[in-house]
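Written below as structure tokens is the structure these notes are about.
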Amino acid sequence: MKSFYNAEKISDNVWWVGAVDWSVRNFHGYLTERGTTYNAFLIIDEKVTLVDTVKAGFFNEMMERISTVIDPEKIDYIISNHAEPDHSGVLTDAIAAIKPEKVFASAMGAKTLKAYYGLDVDVASAPLSLGQGTLSFVETKMLHWPDSMISFYDRDGLLFSQDAFGQHLAGSKLWADEYDQSILEYEMIKYYANIINAQSSKILALLDSLPSLNLDIKAIAPDHGPLFRKDFDKVFAAYRRYAEQKPQKRAAVVFCTMWHATEKLARAFADGVRYAGVEVEMIDLAASERSAVMTAVAKSGLIAFGAPTMNNQVFPAMADVLTYVKGLKPVNKIGFAFGSCGWSGEGAKQITAELEAMKFDLPIPFIQSKYMPTDEELNKAFAAGETLAEKLKTVTE
Ligand code: FEO
């Protein structure tokens with residue numbers, strides 16, 4: 001019987017045998033509005049090799065795809081480029097079913113797989129001959145975990161880049177050039193902002209080191225989303241742009257509100273930015289979530305954060321977002337804090353402290369209204385938006 005799940009050939013000797021997760025919407029706190037894929041790859045060489053596996057729950061899909069090409073028990077090696085469970089969740093089951101001669105991971109990967117699953121695997125410390133072709137490995141620590149590595153199959157010029165260059169984007173097409181490019185670009189920057197941004201210096205180092213590796217790349221195959229078969233310079237340039245985090249002439253206003261007081265200040269600030277001729281996006285945390293905020297932060301040179309005070313603390317939705325954004329280490333940002341309170345007024349002060357800790361440039365002190373903003377306070381918020389947008393223009397033009 002023909003398998004429901006089929007492998008798809010991506011080069012002369014390599015097949016995609018991964019899984020498409022159309023339904024996932026929360027990927028450890030990241031809103032995956034278009035689902036994702038867990039890509040795995042089967043190399044048919046003298047040593048048949050499986051590069052990466054898939055998340056728990058997708059074992060049968062991966063195995064069925066493999067079975068359309070070869071009996072899975074003929075697989076000699078499994079490579080684990082990254083031990084996070086979205087790529088290793090079925091590794092134990094795969095080893096039991098396939099009985100490979102060896103499983104390889106980076107030195108940290110071997111420790112991580114031991115800690116997660118009690119597995120003993122070999123360390124990919126040198127290029128691995130598969131017969132006609134060779135797999136070489138480059139450790140990419142912290143991209144996205146300490147165990148991460150990328151691997152390159154020279155026979156077909158395939159760079160298995162693991163999390164790097166990925167997108168959370170489910171689809172029935174395999175190649176990036178088959179997708180709506182505006183969607184692809186949005187999902188690429190969203191993925192970078194939420195998964196990779198904290199390690200931007202390591203991305204720059206990786207991009208700088210690539211030419212010296214002399215890889216004749218024919219395709220870039222990340223572990224999530226579509227693969228790239230052309231325009232590699234464009235892909236690398238996009239990652240360099242994201243990693244450099246140069247200020248962008250665009251603003252975002254992130255706010256939460258209880259009785260619309262903070263919202264009024266948010267709208268006044270945004271209108272000031274707009275009046276200065278800078279594009280601005282409003283994000284109401286009642287209708288959005290942290291990964292959308294981080295995407296907007298990555299795309300914007302100016303970000304205002306506003307929240308009420310509740311029980312002597314900044315409103316919890318804003319605390320969540322600030323904690324999240326701080327961990328992803330954005331740089332080169334102009335910021336502004338604002339809020340409203342009834343009596344104690346810790347909210348805008350706590351936002352300011354967090355933005356200072358993130359080294360945001362805060363040229364204007366926070367504005368905080370008591371109960372409802374007065375016309376004077378709204379005018380001040382408008383003026384703050386206008387002034388900071390003008391300042392943004394001086395660093396982006
Ligand atoms: Fe796709 Fe860091 O795992």
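Whatever order the structure lists them in is the order used to number ligands and atoms, beginning at 1.
- Counted by atom type alone, Glu84 and His87 present zero donor-acceptor pairs between their side chains at under 3.5 Å.
- Of all protein N/O/S atoms, those under 2.8 Å from atom 1 (Fe) of ligand 1 are Asp86 OD2, His87 NE2, Asp163 OD1, His224 NE2, and waters are not counted.
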Would you be so kind as to tabulate the donor-acceptor pairs closer than 3.5 Å made by side chains of residues 122-140, with sequence neighbours excluded?
residue: Ser129; atom: OG; partner: Gly131; partner atom: N; Å: 3.3
residue: Gln132; atom: NE2; partner: Glu46; partner atom: OE2; Å: 2.5
residue: Thr140; atom: OG1; partner: Ser148; partner atom: O; Å: 3.2

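- A cation-pi arrangement is found for Arg290 relative to Tyr324, the charged atom lying closer than 6.0 Å to the ring centre and inside a 45° cone about the ring normal.
- A donor-acceptor pair under 3.5 Å links the side-chain atoms of Glu289 to the main chain of Ser291, judged by distance alone.
- Each of Val103, Ile95, Thr112 was scored for a side chain to side chain contact (heavy atoms under 4.5 Å, CB included) with Leu119, with one residue passing: Ile95.
- Just one residue in the list Asn312, Thr309, Val314 forms a side chain to side chain contact (heavy atoms under 4.5 Å, CB included) with Cys341, and that residue is Thr309.
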